Structure formats: C-alpha cells, structure tokens
There are 2 protein chains.
Amino acid sequence: MITIKDIAKEANVSAGTVDRVLHNRGGVSTETEEKIKKILKERNFKINLIASSLAMKKNHTLATLIPDFDQQNVFWKSPHSGIEKGSQEVKAYGIENHIFPFNQFDPNSYAKAFRELIKTSPDAVILVPIFLKETKTIIQTLNNKKIPYLFLNINLKGSDRLCYIGQKSFEAGILAGKLSNICTTEDDEILMVLTRKNLFNHVAIQDRVEGFLDFHQKSNSKTKIHKLQFNQPDEVFESREKINQFIEKYPKVKGVVVPSSRVSIVCEAIDKEKLADLRIIGFDTTPQNIDFLKRGDVTFLISQKSFNQGYKSIITITNFLVHKEIPNNEIPTPLEIITKENYMFSHSDERKYSIE
Amino acid sequence: MITIKDIAKEANVSAGTVDRVLHNRGGVSTETEEKIKKILKERNFKINLIASSLAMKKNHTLATLIPDFDQQNVFWKSPHSGIEKGSQEVKAYGIENHIFPFNQFDPNSYAKAFRELIKTSPDAVILVPIFLKETKTIIQTLNNKKIPYLFLNINLKGSDRLCYIGQKSFEAGILAGKLSNICTTEDDEILMVLTRKNLFNHVAIQDRVEGFLDFHQKSNSKTKIHKLQFNQPDEVFESREKINQFIEKYPKVKGVVVPSSRVSIVCEAIDKEKLADLRIIGFDTTPQNIDFLKRGDVTFLISQKSFNQGYKSIITITNFLVHKEIPNNEIPTPLEIITKENYMFSHSDERKYSIE
DNA sequence: TCTATGCGTGTGTACGCACACGAAATTTGA
DNA sequence: TCAAATTTCGTGTGCGTACACACGCATAGA
C-alpha cells in the first residue's frame, strides 16, 4: 500500500504538500506540483478512503423530503427502509440524515415539510418532487442557498439536480407489455386497469402505460387491449360489479395489467373463480401485492427496487459530500421481474431494515 | 456520535479498558465490565468501522481458487469481475487478494493451483469446489492450517466452510418450470436440452432439472416434457440434425429449456425458421446468451448474478477477517429473470469492472 | 522484616493514514 | 535591506486498537 508519506518522501516534500496537490488546493509551485503528479501516477497512488473519511469527518447533515406511509399507503415504506439502511451505514462518516415526511396527496403538506427542512440548513437534500409548482419554488431556494439535491423516484426535467435515482417508467411499461404478450395467446385480449386519475406520480404511470402500448404496437400483435378507469383506488373495491361485469362481457380477456402499485386492490375486486383464469401483471412489491403473488393470483410483479433507490440516494449523496464524487446524471434501478418462485430471494436486505 | 472516549469518561475508566470490554479481551474486573456494558447499551454505542478499520490495518491476504475463463468458456468471467471489484474496494482495509485460476475440466490443474495457493499462506480462501475428491484433500489442509474458507457458486455438503455464496439451483429449476409453464399452453410440449454429461457442476444442473420437473409435477400440468441429451457441448452444433429432426417430429414442442449455461449453442443449432416459433429459456447471462436474448430467440434467462457472487465473497471474507463478523451459513443470490426488455438495467456495475 | 515475584486490573500512548491550519522558510519586489 | 508574497513544513485531529507499563496487593523466600 502506497501512502501519502511514501510519495512525499520520494518527492522530497512533506505530506502536506502532496495533499495540496491531490486536492488542487493551490499554493504549490508548478515545478513541485509536476514532480509530485508524476510520482503519483508512476506509483498509481490511490487515496485511502478509510483514512480519508476519518480525517474528513465534518459532520454533514442530510435532509430527505419524502412522502409518509401508513397501512393504506404502503408504497413509500421501502424507500424509507432503504434510506434508513443507508443512514446507518454512513453515520460513521459523520453524516446524519433527517427525514421530513409529507402527505403525498397534499401540496401544502409538501411545502410545509420543506420549510421545516430548510430551517435545519442541511448540506444536501434528497427529495421526491411530487408537486410540480411547489417543487419549482423549492428548487429556487436550494439553488440560492447552493445546497445540492437529488431526485428520488420521480424525475422532473429542467432542474440542475445532482442526479436522478429511479426507474425508467417507459421501459418498465414495455416490459409489462412483453410479459403480458408472453403469458397470453394471440386470440386473448388484455385489460388494463387504471386505478385512479393519479394526483401525483401520474407522469410515471402514464409513461408505463405508453411503454406498454408501445410494445404492443411495435410487436404487431393483434391482441386487443381494453382499458378500465377508476377515479379513486377505493372505488375499485366498491365497484366490484363494474370490473366483474366487464370480464364477463369480454370473456376473451385473459391478461390484466395494472400500471399503478395497486394491483392488490384489483385482485380483491375480481371474483375468485374468475381470478384463476387470468394472468395478472402489476408493479411494485408492496406487502399486499406480495400476498397476492404468493397466492398465485398475480403472475408477475415488476419491481423498481425502491428500497435500493432509497439506499442508493444516501450513498450517492454521501460520496458526493465526502469524496466529491460526481454521480451519473441518471441512475436507473433495475427492472426486476418478481414471481411466486423468486420473490423470497429478492428482499433479504430490506427485511433487516424495515421500519415497523 | 458517541465515541469510546465518551464511554470511558462516563465509566471513569480509560479508553483501553472499554476496548477490552468491547472485544472480550479479558483483564477487566466483573464489576467494571458490567458497568461499562451497561453504559454501552444505554448510549447504544456502535464501533466506528472507519476508525476501527484504520486501526486494525493488519494486511491480510486472501486467495481465490476459481476456474479460468476464455472465449469458449466465458461463464466464469463474471465472478472474476466481481472479485476484482471487491478486491479494489477492500484494498484500503489492507487486504490483498490473489486469484489462482485452474482448468475447470482438469482435476490435476485444480490440485496444482491449490498447491501454489497454499504456498502463499493466505489468511482466508475463497474456492469453487468443482472436484469432489480433490476438494476433500484441500479442506483437510485448510482445516489443519486453520485457514477459514468459503464456497463460491458450488455448495459441497459436509464441510465446515464459513459459508456458501451462490444460487439455490433447485429453486432456479422451479422458476424455469414456472416460466416455461407461463409461456406455453396446456397443449404444447416442452423440450429440455442437456448439453452434456457435465464433468463438473453436474450437481447444480441436476438440481435445476429436478426443480424444473418438480414444478411441472406439482402444478398438475399435463404438459409433456421431452429430454434430449448430448455428451459434449460441441456435439450440439455438430448434430444440428438431431435437434432439428426432433423438433420436426414433435411439432407440439413450443418451449425449450436448457438447464446449463449453454443455451446459446442450442439456439445456434436450431434452424432459424423453427426458432421463431419457440419460447426458449436458459440460464446465465453470458455474452453469447445475451446476444440471443437481444435477437429475441431466447425469451428468458435466469441469472444467478455471478458477478454479485464474486463481489459478495470478497466482502464477506473481509468482514469476517477485519470485523470478526460471522456470515450466514448460506447466502443465496437472487434468481433474476432477464428478458430483452430489462437486461440493460441489470449489469451496469459489472461492465465497469470487466476484465478484458 | 525486607526484597522478589506474581497476578489481576487498569492506564497511557503510539499507531494507522489523510487532512488542514498555523507557522516557518524561502523567494520576490521595492 | 526589509516587508510582502509564495511555498513548504510540522503537527494536532479524527477514532479505535493493542501493547507496554504502572499500580496495588498477595504470597514466597532469604
């Protein structure tokens, strides 16, 4: 292992000077700088991140603006857990994260949570930019204060965020198209159930829908695609009639695709005897969805690994603050295909950090 | 952040004493120990791994016994890359890994590589225990020298290895069964192609076959399953006739499952016009397999994420040596389902560390 | 009775490596 | 020749680890 001292000795300077060169902190004559740089290269010197982290300990604070979760809205639990895991891991780097939860259906709650957040003057911010208008104000504030921020799960264009960590929704839709195509025949028809006019996240879900339709169009399949729209997720259950009648009316429907994370509600709504005959594809591995996967009612879930997204956000921001490492502009999470047969191998990390 | 000094101050002892308690190094009176332990618990003290690693720097050496790869046998490339990434990452912990490659078809090469390996007296060993008899001798040597070791990719029973990192092959077979079931109808038939009597790894592939058959049995599907056996992988290509005739003879065959990593060879063998009509399922994301996936000839690949296996081996062994962290007895890697639509999101890490 | 030896317990501190700041040394300009 | 500017050095810091040593007390031998 080559250390800074080794380099210093070879260059006949002190370790401090080498450090200045390493970090471009100036105050070194061109001559010395060249000499040191040459030796660094020759010896293939790499900073010891362990020692570096220890020395850098500067007690940064992070702040995370993310929707809250509860029994009804469990989707955001996974990113919370991932963020929790990441926070634990980077504590030793002198980094502390605070979560500012808000109500995903209420722009005011979003704005309010941010006002609380900004009071703590964090060194960097992770946010889920659900509301367009409010986000613009937020970004302006962050820019003014020169606080770097990254987007988690939702990619809003036209900001100079550090990066985006999340799923490629259009591509996820394509994948859903492919899977629905595989598990049906040409004669079958497919039903797409939109669980609501989404207040938020409509962009992501719309992208999935478009990706899905894109696949079917480009693959020249003659499979007919039906759409059924509900306005509120709860209405789905209340209007069991609607969906069951629909399926009776169109007996050729063998595939069902639910582009939101609410496939479980659709499964609940459909009569048991009808379920057996359907191939159902959904998104996101919420506990409810996993339940229906286990029972065999859901055939495929496409996971965006939101636990990993949360985790990766913390790690990315930390590397940026501590090691000045500039991340890729977009960090897409894998599109994971989950079935009854492989779900148990997919979330072992998550369970450990689950917040109950 | 609570430090050892904080604890020491509160307990009116020195940091050294706290350290003795933390590591059970003895030489502390029961009274003092209890007091310190109580405070540690109260304050929820966690060792700062950064500082710990820096202080522990002990320059461990690892050794890895793993099959070599080349253009023809590319399967082992991914674990090599993963090991490479891991090695880079743990260098700062004073850990150096040496790879001892061997010919996967030659037991003598395996034994010889180990003899070279043991000369370097490593502090821990990662090995792929392909050959049963030779492995027994190896294990004996390692036990005598009290060198800890873990199994990568192949799980040999009856040894006191530190842990096994790899795929659950039986479960992978079940998954293949499910996927084949999904992409065919009840009237269709399925062909399983065994590309050879495997010299090595026959246990894993046999497990896959059994898992596959198990699924079809338990699911009460009446789908007929054919088997076609070749003795050498190359023979497949030479005997194109055999497989093509088979498919002509059994026109109901719509699904093909290849439980080895050689699905690409099978694709090469089958006539183009026949391919279009088949749903092919294979294992492992070798470049050749990915090629056929991209073309649309292969429908599903089940990946055992061997890059991650290699990476995780290094990390696990490092945590064991440096932080005395005892790993789980088995660390199963996820069963990842790869299609044309999601393969590009799955291996971004791998590309960076690929060894050309 | 006094030194020697031992043991159990606990302290002090050097070390690992990079970082950053104040101080020192050297060069430059007037 | 002196002050200012530039370049370089020395050292304390972050935190845990582990070794040498110190202290108090007990037992043994002279």
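Note that the structure is a prediction, hence the values are computed from the model and not measured. Note on naming: letters A, B, ... go to the chains in the order of the sequence lines (proteins, then strands), and numbering restarts at 1 for each one. Values reported hereafter were calculated over all heavy atoms of this structure, with side chains retained and with hydrogens, waters and symmetry mates removed.
Salt-bridge annotation for A/R20 and A/E33: absent, with no side-chain N of the basic residue lying under 4.0 Å from a carboxylate O of the acidic one. Salt-bridge annotation for A/K35 and A/E31: absent, with no side-chain N of the basic residue lying under 4.0 Å from a carboxylate O of the acidic one. The pair A/K112-A/E116 fails the salt-bridge criterion, with no side-chain N (NZ, NE, NH1 or NH2) lying under 4.0 Å from an Asp/Glu carboxylate O.
In this structure, B/K9 atom NZ and C/dG12 atom C1' are separated by 16 Å, rounded to whole Å. Atom-to-atom, CD1 of B/I36 to P of C/dT9 comes out at 13 Å; the value is rounded to the nearest Å.
For B/N153 and B/Q309, the side-chain atoms include at least one donor-acceptor pair closer than 3.5 Å.
Taking the screw axis at each terminus of the helix from C/dT1-D/dA30 to C/dA30-D/dT1 from five consecutive base pairs, the angle between the two is 80° to within rounding of 10 degrees.
Remark: aromatic rings of A/Y164 and A/F151 are distant, center separation not under 6.0 Å.
Remark: of the listed residues B/K305, B/E84, B/E89, B/E89 is the sole one forming a side-chain hydrogen bond (donor to acceptor under 3.5 Å, both in side chains) with B/Y311.
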What does the B/S/- profile of nucleotides 7-20 of chain D look like, 5' to 3', with a 4.0 Å heavy-atom cutoff to protein? SBB----BBBSB--
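Atom CG of residue B/L65 and atom CZ of residue B/F100 lie 8.5 Å apart, to the nearest 0.5 angstrom. Here the CG atom belonging to B/L40 is positioned 7.0 Å from the CZ atom belonging to B/F45, to the nearest 0.5 angstrom.
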